[in-house]
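Following: one structure in structure tokens, then a few remarks.
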Amino acid sequence: MVDLQEGVLAIEWINGKSVRFLLGGGAEGEEEVDEVHGDVVESEETDEAEEDPLKGYNITQDDIMQLIGTEIAKMHEADIIHGDLTTSNMMLRPPSAPDKSSELVLIDFGLAYTSTLVEDKAVDLYVLERAFASTHPASEPLFASVLKAYERQAGKDWKAISRRLDDVRLRGRKRSMVG
Amino acid sequence: MESFHYSQFSQEYSNVHIALFTNVTNATELRNRLVQASTMSGPEGDAERQAVDFAFIDATLICSTLHLKSAILNSVLAQAQGALRTKTVHSEILWNLNPTNNISEAIRRYGVSSSTTSLLVVRIGRPGDPATVQMQMSAVVSGDLSPTSRLAGITDWARVKKYYKILQQIDADPQKDIQRVHEIVVSSVSMKSVIV
């Protein structure tokens, strides 16, 4: 609901936590929940680690990466550029029933706009890539899954976006201009 | 019947009563009565208009109570800000349910017609005893008063999709498809004031 006169916006309440929180501490001691049997596979380092924030979501970190890639691809397919992609702007809704899966919800479209340009989509992905590397340095290798899932969802659009993304990477800050 | 009120609006139009009637038998007469009431003059006319002072909505086009309440909230807001696009807050609900700006089309599509068998009846107004409102509704509609939870089984999704121009199947799974359509419809109704 939008009340222009009073400047009031009514938006949907999203149950769940942000992906930033769920990927939190990062590196060691992560517990992975086996999706089929629901057993918790504990690694040796978990004794000191806090309770896994992913408990109850029935999902692995890699699954989350794939959801991220898929949802961003769907958004880009509609020519919507988020403009501020970070894991703090993504939420994971817990499954509504034991046989259902978690849902990824993109939030905070304050900097969003529409564009058909490959450049804008590539930059959108690049912003996420850099944000990811800085907030979850230990999970950086997982980011490849994001792009893989994006590729799967984007289909024929991927080639152009992928090429542009490579160019954008070369342009970024702190990049060597030796060539 | 569901009754609630919006505390942020003035007492005059903050109370809402919603009732679902199934197996409606007097749809045609009801429609004629509404048309006549709008043209009648004098105290007789006023009394008639009072008796049918409700929004009569074809229940098969309503996806959920959330859908209906979104349209109701926007209507109450419009009335509170003196920005009604139609004559009354009740007709405004019908207008808000329709994706276009055409008032006659909205009434024709979402209002009561001779083929209507399930009706959602809404009264927006001053605080009133729900039992009295229910009696007034039953005096006008010949049908079975049913719990609003029954709405889920009544929705004609094919027609909903047609009016909202959702031409293709969004999801292979019919359950998920209906969920997506519901999300689209509720969002569209909520944002009608900013979707041109």
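Nothing here was measured: the structure is a model prediction, and the numbers come from that model. Residue numbering restarts at 1 for every chain, and letters A, B, ... go by the order of the sequence lines.
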Worksheet item: For atom CZ of R126(B), is the number of surrounding heavy atoms from other residues, nucleotides or ligands below 6.0 Å larger than 12?
Response: no
Fill in: Heavy-atom side-chain proximity of Q81(B) to E6(A) below 4.5 angstrom
yes
Practice prompt. First locate atom CD of E12(A), then atom OG of S190(B), and finally report the distance between them rounded to the nearest 0.5 Å.
Written response: 10.0 Å
Item to complete: Over all heavy atoms of both residues, which pair between V2(A) and L77(B) is shortest? Give the atoms and the distance, please.
Response: O-CD2, 4.3 Å
Worksheet item: For R31(B), does the CZ atom have more than 12 heavy-atom neighbours from other residues, nucleotides or ligands under 6.0 Å away?
Response: no
Discussion item. Does K69(B) have more than 12 heavy atoms from other residues, nucleotides or ligands lying within 6.0 Å of its NZ?
Written reply: yes
Discussion item. Taking atom CZ as the centre, does R163(A) end up with more than 12 heavy-atom neighbours from other residues, nucleotides or ligands that are less than 6.0 angstrom away?
Written reply: no
